[in-house]
Amino acid sequence: MGYKRAEGRSGIRNHVLILPTCGCASETARMVASQVQGSINVIINTGCADVQANTDLTQRVLTGFALNPNVFAVVIIGLGCETVGHRELQQKIQSETSKPVCSFGIQEEGGTLKTAAKAAAQARLFVQQASMQQRVPCDLGDILLGLECGGSDATSGVAANPALGLVCDRLIDEGGSSMLSETIEFIGAEHILAKRAIDKTVHNQIIQICKEYEEHLASAGQSCRAGQPTPGNKEGGLSTLEEKSLGCIKKGGSRPIVEVLQEAMRPTKHGAIIMDTPGYDIASITSMVAGGCQLVAFTTGRGTPTGIALAPVIKITANKQTYRNMEDNMDIDVSSIIDGTQSLQQGADAIFDEMLAVANGKITKAEAFGFSDVCIDHVCRFV
């Protein structure tokens with residue numbers, strides 16, 4: 001069950017999004033959302049004082065957020081002197097969707113209070129319109145499932161990630177799509193991942209994004225092996241980048257990889273898709289949701305509270321102690337795979353059933369808290 005959109009895809013949520021154009025407008029956007037029940041906002045720290053590549057990425061993320069099928073309507077809040085103003089962003093979004101979109105500029109309106117008053121009034125109208133739209137039966141093939149792992153430990157690579165991989169295979173077999181990200185966590189296992197490519201072009205793209213990631217860090221005098229595996233990964237039993245990568249790619253399943261995307265780009269094909277993102281969980285999820293994922297499945301061994309307002313994030317752990325310690329953050333416990341009382345397939349079935357329940361309206365624990373973590377990646381420093 002979901003919300004049909006005019007452009008064809010279906011949302012599993014029906015949000016009115018309060019969207020800032022830049023960091024300077026983020027707090028005003030938060031104020032508007034706090035005044036309008038049924039709306040959500042995001043906090044960003046980019047949109048100004050950037051080189052062109054950073055500006056391009058920010059604009060892709062903001063536009064992608066607005067176009068995500070989970071969003072019914074958008075209220076844009078700009079400052080007035082940022083790199084891309086609120087009117088320009090509104091025009092860009094409206095060139096790609098028939099959703100209701102409006103925008104306000106803080107400098108033009110005369111400050112935060114006047115802007116918030118006007119924006120909140122418009123947001124309330126959008127919320128009323130959204131409330132008239134009903135859930136209807138939707139095809140499972142509409143689902144684009146983002147895949148994330150973070151706070152990984154030994155249980156992630158041998159239980160939670162392989163179980164999620166079986167879920168991906170089932171989803172793709174039924175017409176849906178999955179998106180694997182975190183390029184830095186392919187390194188050392190990219191040759192295995194590339195064997196799943198549908199053709200030579202995609203094979204070479206997988207190898208190339210890993211090579212470019214290492215070269216990019218090296219150009220800044222850095223090494224990916226200085227930050228990966230993280231200290232928490234090592235405490236959880238992961239000793240090398242390659243060991244972490246072998247576990248990471250298991251959550252992507254076994255179906256042919258049909259497309260490799262830049263950050264926050266929208267897919268043009270159905271099936272198993274890769275997005276070139278950092279391994280940092282919040283930046284990776286931000287890009288995948290901007291790319292159109294309506295739902296994210298997040299495996300974790302150590303535990304994490306992360307959530308993003310636009311899309312439900314289902315937290316899955318195969319570490320029984322972590323589930324007990326962080327039950328208010330974890331959605332599914334598949335630790336029975338580790339103790340042998342549940343097969344890998346049974347664990348996958350449990351995750352798949354939870355995914356369907358959330359798609360049909362069940363609120364995840366991160367949603368219940370109202371969490372909204374957003375991080376837009378940078379290709380170089382602010383100017």
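What you see is a predicted model, and the numbers here were worked out from it, not measured in a lab.
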Sort and list the pairs that fulfil salt bridge (Lys or Arg N to Asp or Glu O under 4.0 Å) and have at least one residue in [range], not counting sequence neighbours.
range            : answer
residues 256-282 : Glu96-Arg266
residues 119-135 : none
residues 201-217 : Lys211-Glu215, Glu214-Arg225
residues 144-167 : none

Subject >> side chain to side chain donor-acceptor pair (under 3.5 Å): pairs with one or both residues in residues 102-122, sequence neighbours excluded >> reply: Thr28-Thr112, His86-Ser103, His86-Glu108, Arg87-Glu108, Gln90-Ser103, Glu109-Lys118
Can you tell me how far apart [atom1] ([X]) and [atom2] ([Y]) are? Round to the nearest 0.5 Å.
X      : Y      : atom1 : atom2 : answer
Ile282 : Asp373 : CD1   : CG    : 4.0 Å
Thr299 : Lys250 : OG1   : NZ    : 13.0 Å
Phe382 : Thr46  : CZ    : OG1   : 6.5 Å
Met326 : Lys315 : CE    : NZ    : 7.5 Å
Ile332 : Ile351 : CD1   : CD1   : 5.5 Å
Thr277 : Ile285 : OG1   : CD1   : 9.5 Å

**OP:** Before giving the answer on side chain to side chain contact (heavy atoms under 4.5 Å, CB included), spell out for Ile308 and Phe65 the whole-Å C-alpha distance, their side-chain angles and the decisive distance to 0.1 Å.
**Re:** CA-CA 11 Å; Ile308 183 169; Phe65 279 172; 4.3 Å; yes
For [X] against [Y], the heavy-atom pair lying closest together:
X      : Y      : result
Ala163 : Leu344 : N-CD1, 3.9 Å
Gly361 : Arg13  : CA-NH1, 3.8 Å
Val75  : Ala119 : CG1-CB, 4.0 Å
Ala197 : Ile206 : CB-CD1, 4.3 Å
Gly247 : Asn161 : O-ND2, 2.9 Å
Ile273 : Val258 : CG1-CG2, 4.1 Å

Sidechain-backbone polar pair: [X] side chain, [Y] backbone, donor-acceptor under 3.5 Å:
X      : Y      : answer
Asn68  : Cys293 : yes
Thr322 : Gly301 : yes
Thr286 : Cys375 : yes
Ser10  : Asp142 : no
Ser95  : Lys92  : yes
Ser335 : Ile338 : no
Asn54  : Asp50  : no
Asp331 : Thr364 : no
Gln208 : Gln205 : no
Gln321 : Asn319 : no

Original post:
So do the side chains of Glu185 and Ile249 get within less than 4.5 Å of each other, counting heavy atoms only?
Top reply: no
Original post:
Is any side-chain heavy atom of Cys248 closer than 4.5 Å to a side-chain heavy atom of Cys149?
Top reply: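 The answer is yes; the side chains approach within 4.5 Å.
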**OP:** May I have the step-by-step check of side chain to side chain contact (heavy atoms under 4.5 Å, CB included) for Gln294 and Arg9, ending in yes or no?
**Re:** CA-CA 10 Å; Gln294 308 108 315; Arg9 294 189 61 206; 3.0 Å; yes
Original post:
Charged N to carboxylate O under 4.0 angstrom, Lys365 versus Glu327?
Top reply: no
Original post:
Below 4.0 angstrom, N of the basic side chain to O of the carboxylate: do Glu182 and Lys251 qualify?
Top reply: yes
Residues which pass side chain to side chain contact (heavy atoms under 4.5 Å, CB included) with [X], listed by chain and number, not counting sequence neighbours:
X      : answer
Asn41  : Ile18, Arg30, Ala33, Ile43
Cys22  : Cys24, Ala25, Leu79, Glu82
Gln133 : Tyr3, Arg5, Asn14, Phe72
Asp169 : Ser254, Arg255

Subject >> Where at least one partner belongs to residues 184-221, residue pairs that pass ring-ring contact (aromatic ring centres under 6.0 Å, His included), sequence neighbours excluded >> reply: none
**OP:** List the steps, then state whether salt bridge (charged side-chain N to carboxylate O under 4.0 Å, His left out) holds for Asp333 with Arg324.
**Re:** CA-CA 9 Å; Asp333 173 18; Arg324 288 173 177 166; over 6 Å; no
Is there a path of hydrophobic side-chain contacts, each under 4.5 Å between heavy atoms of I, L, V, M, F, W or Y residues, that connects [X] with [Y]?
X      : Y      : result
Leu144 : Val167 : yes
Ile187 : Leu246 : no
Ile77  : Val74  : no
Leu62  : Val16  : no
Ile106 : Leu19  : no

**OP:** Would you mind telling me which of Leu89, Leu17, Ile93 makes a side chain to side chain contact (heavy atoms under 4.5 Å, CB included) with Val101?
**Re:**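 Running side chain to side chain contact (heavy atoms under 4.5 Å, CB included) over Leu89, Leu17, Ile93 with Val101 returns exactly one hit, Ile93.
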Subject >> Residue pair Ile143, Leu171: steps toward the side chain to side chain contact (heavy atoms under 4.5 Å, CB included) verdict >> reply: CA-CA 8 Å; Ile143 292 290; Leu171 176 64; 4.1 Å; yes
Original post:
More than 12 foreign heavy atoms under 6.0 Å from CD of Gln262: is that the case here?
Top reply: no
**OP:** Could you give me the CA-CA distance, side-chain angles and deciding distance for Thr268 and Leu261, then say whether side chain to side chain contact (heavy atoms under 4.5 Å, CB included) is met?
**Re:** CA-CA 9 Å; Thr268 63; Leu261 300 171; 5.8 Å; no
Subject >> Side-chain cluster (under 4.5 Å, hydrophobic types only) that Phe371 belongs to, other residues >> reply: Phe369
Original post:
Which ILVMFWY residues can you reach from Met132 by hopping between side chains whose heavy atoms are under 4.5 Å apart?
Top reply: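 In the cluster with Met132 there is nothing else; it is isolated.
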Original post:
Going by atom types only, do Ser181 and Ser284 share a side-chain donor-acceptor pair under 3.5 Å?
Top reply: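 Yes, a side-chain donor-acceptor pair sits under 3.5 Å.
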